Amino acid sequence: MRTENEFRNLSNHQPIWDKQEALRRLGNNASLLNTIAGMFIAQMEDKLAELNSALEKGDHEATRFVSHSIKGNAGDVGAVAVHKMAAELEKLAKAQNLDDINAVMPLFTATVSATLAAMGEE
């Protein structure tokens, strides 16, 4: 499937967490990054549950909205792969292509988990 291969490429060719870029975007304020990263880590389980619930209901708009939210949060903390993958999920939801989203959810979830693990190690 083309979408699965695209998602694999996004997860393979992006850093899991670009802490230095996130710091740069926050004016090198490590304390602020730690706060935002902690919030991101704490919220992701709920966000993934919301995304899965929207998919189970076949709700294109809720899927798009949650994907957009994850994209923004991931961008704020430098979670590059999650950010790019969530942007693709948002596009697919906007096109009402939930079948492709369902197909790539295991890879997206694994990428989120790897990102959270990397952030937790810092």
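For clarity, every value in this text was computed on a predicted model and none was experimentally measured.
- Residues Gly120 and Ile41 share a closest heavy-atom pair of N-CD1, 4.3 Å.
- Heavy atoms only, all atoms of each residue included: Leu33 and Leu23 are closest at CD2-CG, 3.6 Å.
- For residues 26-43, the set of pairs meeting the salt bridge (Lys or Arg N to Asp or Glu O under 4.0 Å) definition, not counting sequence neighbours, is empty.
- Pairs passing the side-chain hydrogen bond (donor to acceptor under 3.5 Å, both in side chains) check and including a residue from residues 25-41, sequence neighbours excluded, do not occur.
- Leu26 and Met39 are not part of a single hydrophobic cluster, where members link through side-chain heavy atoms under 4.5 Å apart.
- Atom CG of residue Asp18 and atom NE2 of residue His83 lie 12.0 Å apart, to the nearest 0.5 angstrom.
- Screening residues 70-81 for side-chain hydrogen bond (donor to acceptor under 3.5 Å, both in side chains), with sequence neighbours left out, gives Lys71-Glu90.
- With sequence neighbours excluded, the residues satisfying side chain to side chain contact (heavy atoms under 4.5 Å, CB included) with Val66 are Glu50, Leu51, Ile70.
- Rounding to the nearest 0.5 angstrom, the gap separating the OG atom in Ser113 from the CD atom in Glu45 is 10.0 Å.
- Here the NZ-CZ distance, from Lys94 to Phe65, works out to 15.0 Å after rounding to the nearest 0.5 Å.
- Between the CE atom in Met44 and the OG1 atom in Thr109 there is a gap of 8.5 Å [rounded to 0.5 Å].
- Taken to the nearest 0.5 Å, the NZ atom of Lys91 stands 13.5 Å off from the NE2 atom of His68.
- With contacts defined as side-chain heavy-atom distances shorter than 4.5 Å, the pair Leu55/Leu98 qualifies.
- Shortest non-hydrogen contact noted between Asn97 and His60 is N-CD2, 4.5 Å.
- Checking side-chain atoms of Trp17 against main-chain N and O of Ala81 turns up no donor-acceptor pair under 3.5 Å.
- Note that the CG atom of Leu48 and the CD atom of Gln43 stand 11.5 Å from one another [nearest 0.5 Å].
- The backbone N or O of Thr63 sits less than 3.5 Å from a side-chain atom of Ser67, completing a donor-acceptor pair.
- In this view, Lys57 satisfies the salt bridge (Lys or Arg N to Asp or Glu O under 4.0 Å) rule with no residue, not counting sequence neighbours.
- Looking at heavy atoms from C-beta onward, Leu116 lies in side-chain contact with Val112 at the 4.5 angstrom threshold.
- Ala22 and Val77 make their closest contact through CB-O, 3.4 Å (heavy atoms, listed as atom of the first residue, atom of the second, distance).
- In this structure, the side chain to side chain contact (heavy atoms under 4.5 Å, CB included) partners of Glu61, at least two apart in sequence or on a different chain, are Asp59, Arg64.
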